[in-house]
Number of protein chains: 2
Amino acid sequence: MDINLAPQLDRRFAALADPVRRAILTRLAQGEATVGELGKPFGISQPAISKHLKVLEMAGLIEAGQAGAARPRRLKPEALRETEQWLAGLHALWVDSFDRLDAVLAQLQQPDPQG
Amino acid sequence: MDINLAPQLDRRFAALADPVRRAILTRLAQGEATVGELGKPFGISQPAISKHLKVLEMAGLIEAGQAGAARPRRLKPEALRETEQWLAGLHALWVDSFDRLDAVLAQLQQPDPQG
DNA sequence: TAGATATATAACCATATGGATATATTCCGG
DNA sequence: CCGGAATATATCCATATGGTTATATATCTA
């Protein structure tokens with residue numbers, strides 16, 4: 001029950017690797033927006049934006065609503081949190097290994113003080 | 001002084017999007033390791049591992065030392081921290097927008113109580 | 001039901017990515 | 001200086017990605 005979430009992590013990090021998609025997420029962090037609104041800041045076509053949105057959706061980072069003909073997107077912050085947590089986990093692992101190293105060094109400095 | 005670090009963020013997230021590379025980082029979080037050691041868990045060739053390591057290096061996530069003919073890799077945790085911070089920033093932005101929404105809703109519930 | 005607006009899908013192209021095998025490079029011991 | 005071990009680079013291949021234009025769908029409104 002860990003190997004199976006790897007693909008989703010793959011998709012999430014891959015989705016975050018594109019500056020257009022990060023900008024879209026930043027925009028959505030301030031509230032939902034339509035495809036047209038999301039596309040305006042970029043000099044690329046509407047289908048290109050729709051593709052980016054699909055990537056973000058497949059990664060679970062956003063979802064679509066329905067408002068007339070429009071399909072406003074909103075953030076799915078749980079996904080964001082899970083991604084943060086992978087990094088935090090790695091960080092913790094690293095810190096732990098340093099704690100252990102510190103312990104070893106402290107031990108070396110006070111070698112067997114009381115028998 | 002913000003648009004120029006986007007490529008590095010691109011590389012960092014892209015580097016994190018591969019399960020082999022994430023496993024390598026996890027291994028390195030516990031201490032430095034040689035290319036041979038890093039490759040053992042995976043059923044792929046040594047050049048493939050070297051390529052992954054190059055991707056991680058270009059992303060600034062790891063660096064190489066020198067120990068005889070070996071070039072042990074170690075984590076560069078600053079890069080990790082910076083990546084975490086981008087996500088944290090997005091998260092904060094999102095939380096802020098909710099705080100503002102809450103304020104608006106509270107305002108609506110108590111419309112102009114004392115003139 | 002026809003038009004307009006908003007979005008999605010299809011088909012195509014160029015470049016990037018992850019893998020392989022073969023070969024080059026680097027460093028140490030003798 | 002030579003051989004072996006560790007790693008890097010070159011080349012090649014298949015698939016993925018990000019963009020394009022053209023076209024299809026869907027939803028409201030007249």
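Because only heavy atoms are used, hydrogens play no part in the values below, and waters and symmetry mates are left out as well, while side chains stay in. All values reported here derive from a predicted model rather than from experimental measurement. Lettering follows sequence order; numbering is per chain, from 1.
- Between B:E37 and A:A67, the residue anchored closer to the 5' end of DNA chain D is B:E37, taking for each the nucleotide with the nearest heavy atom.
- D:dT15 atom P lies 18 Å from atom CG of B:D18, rounded to whole Å.
- The A:A70 side chain lies nearest to C:dA6 when the options are D:dT9, C:dG18, C:dA6.
- To the nearest angstrom, P of C:dA20 lies 9 Å from CD1 of B:I49.
- Note: CZ (B:F42) to P (C:dG19) measures 10 Å, nearest angstrom.
- What separates CD1 of B:I62 from P of D:dA8 is a distance of 9 Å, to the nearest Å.
- When the nucleotides C:dT5, D:dT9, C:dG18 are ranked by their closest atom to the side chain of A:A69, C:dT5 comes out on top.
- For A:Q46 against C:dA8, a side-chain-to-base donor-acceptor contact under 3.5 Å is present.
- Between D:dT7 and B:S50, no contact under 4.0 Å exists linking OP1 or OP2 to a side-chain N or O.
- Scanning all heavy atoms of the two residues, the minimum distance from B:Q8 to B:G60 falls at NE2-N, 3.8 Å.
- Protein atom CG of A:L53 is 14 Å distant from nucleotide atom C1' of D:dG18, rounded to whole Å.
- Between A:H52 and the phosphate of D:dG19, there is a side-chain N or O to OP1/OP2 separation shorter than 4.0 Å.
- A straight line from CG of A:L16 to C1' of D:dT17 spans 16 Å, rounded to a whole angstrom.
- With B:L28 as reference, B:I62 is the one residue of B:I62, B:L56, B:L61 to meet the side-chain contact (heavy atoms from CB on, under 4.5 Å) rule.
- Between B:R71 and the phosphate of C:dT26, there is no side-chain N or O to OP1/OP2 separation shorter than 4.0 Å.
- One can place CZ of B:F13 at 21 Å from P of C:dA16, the figure rounded to the nearest angstrom.
- In this structure, the side chain of A:Q30 does not engage the main chain of A:R27 through any donor-acceptor pair within 3.5 Å.
- Salt bridge B:E82/B:R12: present, at least one basic N to carboxylate O contact under 4.0 Å.
- A salt bridge links A:E63 with A:R74: at least one charged nitrogen is closer than 4.0 Å to a carboxylate oxygen.
- Nucleic acid contact class of B:G43 (heavy atoms, under 4.0 Å, all strands): sugar-phosphate only.
- Listed candidates were C:dG19, D:dT9, D:dT27. Nearest to the side chain of B:V20 is C:dG19.
- Close to D:dA6, at under 4.0 Å from its OP1 or OP2, lies no side-chain N or O of B:R73.
- B:R73 places no side-chain N or O within donor-acceptor distance of the main-chain N or O of B:E57, the cut-off being under 3.5 Å.
- Atom CG of A:L38 is separated from atom C1' of C:dT7 by 12 Å (rounded to the nearest Å).
- Side-chain nitrogen and oxygen atoms of A:S45 include none within less than 4.0 Å of the OP1 or OP2 phosphate oxygen of D:dG19.
- Here C:dA8 is the nucleotide among D:dG18, D:dA8, C:dA8 with the atom lying nearest to any side-chain atom of A:V35.
- Contact between the side-chain N/O atoms of B:R21 and the OP1/OP2 oxygens of C:dT17 is not found at any separation under 4.0 Å.
- Of the side-chain N and O atoms in B:K54, one or more sit less than 4.0 angstrom from OP1 or OP2 of D:dT9.
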